[in-house]
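Take a look at the structure set out below.
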Amino acid sequence: MTPLLILGAGPAGLAAAEAASRNGQRVILIDENPEPGGQIWRGGAKRWQDRRAHALWDALKARPGVQMRFTTRVVAVAGPGQLLLVQGEQTQVQAWERVIVCSGARELLLPFPGWTLPGVTGAGAIQALIKAGMPVEGQRVVVAGSGPLLLAAADTVLKSGGTLAAIAEYRDTRALAAFAGKLALRHQAKLAQAIGLFARLRGVPFLHGAIVQAASGSDKLGAVQLLHKGRERIIDCDFLACGFGLVPAPESAALFGCAIDNGKVTVDAAQATSVAGVWAAGESTGIGGVDKALAEGRIAGLAAAGFTASRADVQARERALAFGALLASTFPAPAAMRKTCQPSTIVCRCEDVRAGELAAHASWRAAKLQTRVGMGPCQGRMCGAACTFLYGWEATSPRPPVFPVRAGALAAMSYENSVEK
Ligand SMILES: Cc1cc2nc3c(=O)[nH]c(=O)nc-3n(C[C@H](O)[C@H](O)[C@H](O)COP(=O)(O)OP(=O)(O)OC[C@H]3O[C@@H](n4cnc5c(N)ncnc54)[C@H](O)[C@@H]3O)c2cc1C
């Protein structure tokens with residue numbers, strides 16, 4: 001039997017691979033990154049502080065039926081039961097019968113004047129850049145936007161020697177206090193985590209009810225302009241890390257024809273998608289954090305290997321889904337960012353399309369045809385979600401190939417003799 005493919009080696013993929021292989025299932029774990037861990041555990045085992053990551057990884061390394069393929073991207077369907085994989089210059093057609101899609105999420109980046117200046121990043125993106133070696137020592141950093149990822153990003157900056165000039169959260173003190181109260185009732189471990197982060201960030205100016213208006217600088221970022229409780233504030237900085245939460249990354253599931261609703265891969269109680277033989281787990285099915293990814297990964301891994309999940313896993317998923325719903329209701333994308341985006345603001349940075357060119361169109365499709373929005377290398381991964389927020393358009397998933405590939409890689413799809421059984 002063809003091994004079970006697991007697409008994505010973040011928490012969901014690692015948990016799925018562990019649960020499936022624990023029961024003797026052969027597994028191939030594929031990820032585009034050079035090391036396992038996905039977003040939250042980015043950077044490989046030497047950086048991990050979460051014991052759950054080490055436990056999963058140690059178990060997987062010890063199992064002979066588990067094969068890992070890193071720096072490998074799944075880019076397209078190569079034919080019935082076949083996927084096209086790309087690793088550097090190499091391409092391969094991989095047969096599949098069952099697959100678990102654990103493709104994660106990406107940041108919601110909302111456009112504002114100056115957001116394309118060098119020095120402006122997403123909140124999660126600055127973490128990824130720092131973990132990849134970008135130095136911030138001695139640099140002044142403002143972390144802005146909305147949601148708990150701001151605190152995690154600020155913590156990473158501080159630990160790496162950066163100076164936090166401010167953390168600017170859109171939600172006001174009352175909304176944050178209500179959020180903390182709800183955490184205390186049902187998610188005490190998350191509250192403890194948040195208290196720990198606040199303790200480490202003691203002394204950093206934390207502005208509640210503040211929103212980014214613009215980033216400025218000549219050839220790179222020099223300052224950020226915020227609106228805080230009705231007053232304008234300008235803060236000099238070298239980096240602005242600005243994010244508004246996460247959106248699922250469903251395009252890998254879309255390759256298999258899985259149903260997607262409101263940007264999330266649709267799954268049933270066993271994490272099965274609408275397509276037979278395809279399961280999905282983690283942030284691609286909806287945003288809920290690492291606990292949701294782990295619980296869903298375990299349930300999907302067991303289901304794909306022919307087993308039923310334990311009651312404890314199902315309860316862990318329920319708790320994590322409730323946390324995801326609380327996050328979504330507390331930190332929706334701030335409506336005020338629609339006003340901040342000016343007609344001259346670039347929305348699609350691949351194709352340099354500005355908001356003023358987009359506003360006249362009625363749909364994502366019409367705008368794509370007329371302006372080339374979403375038709376550059378990122379295929380609308382970034383500007384698609386921004387256009388949904390700004391104009392209410394349903395931005396469809398990137399078309400295959402879901403990542404830019406060389407023409408030669410696509411030609412490989414017809415080489416049937418390269419199919420690995
Ligand atoms: C930028 C960023 C930073 C984050 N930082 C934190 C944090 O500090 N703290 C926190 O609690 N949460 C953080 N999160 C939330 C985090 O996504 C979840 O908590 C957790 O990592 C979700 O696990 P997952 O397995 O569902 O997805 P991920 O961890 O995102 O793993 C998905 C993996 O699939 C790979 N992949 C996707 N498509 C393909 C493909 N076609 N071919 C090959 N590989 C593919 C991705 O590269 C990735 O490695 C962050 C999210 C983002 C987007």
Side-chain angles (χ1 to χ4, degrees), residues 1-33 36-38 53 55-87 92-104 249-258 265-285 293-310 313-314 317 402 418-421:
M1 190 185 266
T2 312
L4 170 67
L5 287 198
I6 299 183
L7 195 170
L14 293 175
E18 194 284 324
S21 62
R22 192 197 314 151
N23 292 291
Q25 171 67 55
R26 281 196 303 141
V27 159
I28 300 179
L29 186 58
I30 300 172
D31 198 291
E32 62 185 332
N33 289 306
L56 287 171
W57 187 232
D58 291 347
L60 290 174
K61 281 190 300 185
R63 295 203 181 130
V66 178
Q67 203 189 111
M68 329 266 186
R69 300 217 189 129
F70 292 111
T71 56
T72 301
R73 273 180 165 165
V74 175
V75 297
V77 166
Q82 296 177 357
L83 287 176
L84 182 68
L85 311 189
V86 174
Q87 184 183 30
Q92 190 195 359
V93 177
Q94 169 72 49
W96 70 276
E97 283 167 13
R98 288 160 305 146
V99 62
I100 308 179
V101 179
C102 304
S103 55
E251 60 274 6
S252 298
L255 281 179
F256 299 92
C258 300
V265 184
T266 307
V267 287
D268 68 9
Q271 301 298 134
T273 68
S274 60
V275 175
V278 183
W279 290 259
E283 305 278 49
S284 62
T285 70
L294 291 170
E296 289 191 350
R298 283 193 297 271
I299 294 169
L302 289 169
F307 298 90
T308 308
S310 69
D313 284 337
V314 173
R317 179 178 60 187
V402 290
S418 66
V419 175
E420 186 177 286
K421 298 281 183 204

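Owing to the predicted nature of the structure, the values given are computational and were not obtained by experimental measurement.
Of all heavy-atom pairs spanning Leu302 and Ala309, the tightest one is CD1-CA, 3.7 Å. Residues Ala300 and Gln271 come closest through the heavy atom pair CB-CB, 3.7 Å. Shown here for Ala303 and Ala270, the closest heavy-atom pair between the two residues is CB-O, 3.6 Å. The minimum heavy-atom distance linking Val265 with Ala253 is given by the pair CG2-CB, 3.6 Å. Taking each heavy atom of Leu29 and Gly8 in turn, the nearest pair found is CD1-O, 3.6 Å. Of all heavy-atom pairs between Pro11 and Gly37, the closest is CD-O, 3.6 Å.
Proximity of a side-chain donor or acceptor of Ser103 to a complementary backbone N or O of Ser284 within less than 3.5 Å is not detected. At least one donor-acceptor pair closer than 3.5 Å links the side chain of Gln87 to the backbone N or O of Phe70. Without hydrogens or angle criteria, Arg317 side chain to Ala269 main chain gives a donor-acceptor distance under 3.5 Å.
With a 4.5 Å cut-off on side-chain heavy atoms, Gln92 and Thr72 do not count as touching. At least one side-chain heavy atom of Val101 sits under 4.5 Å from a side-chain heavy atom of Phe256. Within the 4.5 Å cutoff, no side-chain heavy atoms of Leu5 are placed close to those of Val74. Within the 4.5 Å cutoff, side-chain heavy atoms of Leu84 are placed close to those of Val93. Contact check for Leu14 versus Pro36: side-chain heavy atoms found under the 4.5 Å cut-off. Trp96 is not listed as a side-chain neighbour of Val77, based on a closest heavy-atom distance of 4.5 Å or more. Side-chain contact between Cys102 and Ile6: present, with at least one pair of heavy atoms (C-beta onward) separated by less than 4.5 Å.
In this structure, Arg26 CZ and Thr2 OG1 are separated by 8.0 Å, a value rounded to the nearest 0.5 Å. For the atom pair Asp31 CG and Arg69 CZ, the distance stands at 13.0 Å (nearest 0.5 Å). Between the CD1 atom in Ile28 and the CG atom in Leu7 there is a gap of 11.5 Å [rounded to 0.5 Å]. Ile299 CD1 to Ile100 CD1: the interatomic distance, rounded to the nearest 0.5 Å, is 11.5 Å. The distance from atom OG1 of Thr71 to atom CD of Glu32, rounded to the nearest 0.5 Å, is 10.0 Å. If you take CD on Gln94 and CG on Leu85, they are separated by 5.5 Å, rounding to the nearest 0.5 Å.
Ionic pairing of Arg63 and Glu18 is present here: one or more N-O contacts between side-chain nitrogen and carboxylate oxygen are shorter than 4.0 angstrom.
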Next item on the list: Could you give me the CA-CA distance, side-chain angles and deciding distance for Ile30 and Leu83, then say whether side-chain contact (heavy atoms from CB on, under 4.5 Å) is met?
Entry: CA-CA 12 Å; Ile30 300 172; Leu83 287 176; 5.9 Å; no
Margin query: For a side-chain contact (heavy atoms from CB on, under 4.5 Å) check, start with the C-alpha distance between Thr266 and Ser274, then their side-chain angles and the critical distance, and finish with the verdict.
Written below: CA-CA 7 Å; Thr266 307; Ser274 60; 5.8 Å; no
